[in-house]
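The next block holds one structure in the form of structure tokens; read it before the comments.
Sequence lines set the chain letters: A, B, ... in the order given, protein chains first and strands last, and positions in each chain run from 1.
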Number of protein chains: 2
Amino acid sequence: MEKVEPLAAGAPSVRVDQVLETATRLFTERGYDAASIRDLAAALAMRPSSLYHHFPGKQHILFAICFGLQSDFNAAVMPLFHQGKGPVETIQDVLGEHIRFSLARRGEVLVNTRERRSLPPELRAQVNRLRRAYRDALVAVIEQGRRQGLFSVEDPKLAAMAVFDMVNGMFQWFQARDQADVERVAKTYVDAAVALLRGWGRRYTLTNAR
Amino acid sequence: MEKVEPLAAGAPSVRVDQVLETATRLFTERGYDAASIRDLAAALAMRPSSLYHHFPGKQHILFAICFGLQSDFNAAVMPLFHQGKGPVETIQDVLGEHIRFSLARRGEVLVNTRERRSLPPELRAQVNRLRRAYRDALVAVIEQGRRQGLFSVEDPKLAAMAVFDMVNGMFQWFQARDQADVERVAKTYVDAAVALLRGWGRRYTLTNAR
DNA sequence: ACTTCGAGCGAACGATCGTTAGGGAGCGGG
DNA sequence: CCCGCTCCCTAACGATCGTTCGCTCGAAGT
């Protein structure tokens, strides 16, 4: 017989997931500092001390949310960079998945962007490493597209940050009602990013196709 | 003889400005919740209780920073909407001043974006009213440009938010070293916004002028 | 000279914070 | 049958939070 709960490395453990779910909701609603351990315990119908059997402290709950989300994000998006497609198609694939993934897990995304700063330096650095890996890959594709004359940006890093900020800013105020909503806004923002990368700093003549 | 300090309405009062300056720095460094009244008083070489002779409470210090900044912002930017220029030029003027102003007062901008959520609803609403006035004016100009065939965006509100988020996201990570730095990034982002509004959802042929 | 008043002080208030110590109920394995 | 383990409990710890009270001091006004 195998053990009921291996608990080896990052084993899920239903109760832990419940804690993380509720914590994500509270952290988005009130912010990390304003949401107390007692609030979290009350929302889970347990005592504050019981939480310390699952997590060594409050900061580690925040870390589990941020690092877990960012790991899943990279696992979902990073493979799309190496599919042998051209820069434009790669950007479209990556950014589309970026948006779809982030809207599907919007709560964790908001916690990761708004409350990550409350992590102690060494934990925050672990999350930032993953974020930087994604951003660097995005910069590399833009740089590749620039060399091929597809994009007209001067500074690929700046362009990547601009696209990044535009998308991440959207998650703050946009909430999808259904999957069609997700697909619509994904397509719209992917188009916006491509338009930005193509037209930045270029003089062009427009043709009203379609 | 006139009184040394009229203290009429929103009179500056050197000491109050010192408090706001130091509070802005502490709030940006540690966040509103993590920066305590005692920290602020210590940085000002005074006792916590003395702060309550200038402000009725901690939240009002945050409000003074956010509302003061947003008022000055609107006073600097809103007039540029009514100068009789075309949509493209108006967008360029407004966004350029938006960036220049925000970089000149970056600390307050960061507090206003990151910590405004910690304000009680009625105070936060006062700041949001000013922000909405600016955003609505931006939407109106984009809508005007769309009717004139200058912009190709489908939803002016969405386009305004995208440009808005792109610029505001930049303030989070970009720090200007000198005025030339400011002018360079202002020009770059204004070009990016125009490229976005022109090329969004359009098929076009490019010409590599200059 | 007497009053007024802004400004700051020391001390303390009650509340709430994250965290810990220690114990008990349930349960599967030897 | 009892050991050990997981999970949760009650109770409380020390620290820190925003805020208040009553006082002093010096400059300005009359």
Could you go through the salt bridge (charged side-chain N to carboxylate O under 4.0 Å, His left out) check for A:R147 and A:E143 one step at a time?
-> CA-CA 6 Å; A:R147 278 199 307 268; A:E143 168 65 26; 3.4 Å; yes

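Using modelled atom types, one side-chain atom of A:R116 and one backbone atom of A:N112 make a donor-acceptor pair closer than 3.5 Å.
Remark: B:R38 engages no residue in a salt bridge (Lys or Arg N to Asp or Glu O under 4.0 Å) (not counting sequence neighbours). With sequence neighbours left out, B:E183 forms a salt bridge (Lys or Arg N to Asp or Glu O under 4.0 Å) with B:R100. Here B:D39 pairs with B:R30 under the salt bridge (Lys or Arg N to Asp or Glu O under 4.0 Å) rule; sequence neighbours left out.
OP1 or OP2 of C:dG8 sits under 4.0 Å from a side-chain N or O of B:H54.
A:E154 CD: 12 or fewer foreign heavy atoms inside a 6.0 Å radius.
Relative to the side chain of A:S50, the nucleotides D:dC8, C:dC9, C:dA7 differ in distance, and D:dC8 lies closest.
Atoms CG (A:L44) and P (D:dC8) sit 10 Å apart, rounded to a whole Å. One can place CD of B:Q18 at 12 Å from P of C:dA7, the figure rounded to the nearest angstrom. Atom NZ in B:K58 sits roughly 8 Å away from atom P in D:dT19 (whole-Å rounding). A:Q59 places its CD atom 10 Å from the C1' atom of C:dG18, with the value rounded to the nearest Å. Rounding to whole angstrom units, CZ of residue B:R15 and C1' of C:dG8 are separated by 9 Å. Taking atom CG of A:L62 as the reference point, atom C1' of C:dG18 lies 14 Å away to the nearest angstrom. Rounded to an integer number of Å, the gap from B:H60 NE2 to D:dG18 P is 14 Å.
Fit an axis to the five pairs at each end of the helix from C:dA1-D:dT30 to C:dG28-D:dC3 and the two axes sit 0° apart, to the nearest 10 degrees.
Using a 4.0 Å cut-off between a side-chain N of Lys or Arg and a carboxylate O of Asp or Glu, B:E115 and A:R117 qualify as a salt bridge.
Between B:I91 atom CD1 and B:Q144 atom CD the span is 9.5 Å, to the nearest 0.5 Å. Going from atom CZ of B:F174 over to atom CG of B:L103 covers 6.0 Å, rounded to the nearest 0.5 Å.
Within residues 26-38 of chain A, the residues that have a heavy atom under 4.0 Å from DNA chain D are, in order of number, A:R38.
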Nucleotides 20-23 of chain D: which of its N/O atoms have a protein N/O under 3.5 Å away?
none

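Defined by atom type and a distance below 3.5 Å, a donor-acceptor pair is present between the side-chain atoms of B:R15 and B:Q18.
Ring geometry for B:F164 against B:Y134 counts as tilted: the plane angle lies between 30° and 60°, on a 0 to 90° scale.
As judged by a 4.0 angstrom heavy-atom cut-off over every strand, B:R47 is placed among residues touching the sugar-phosphate backbone only.
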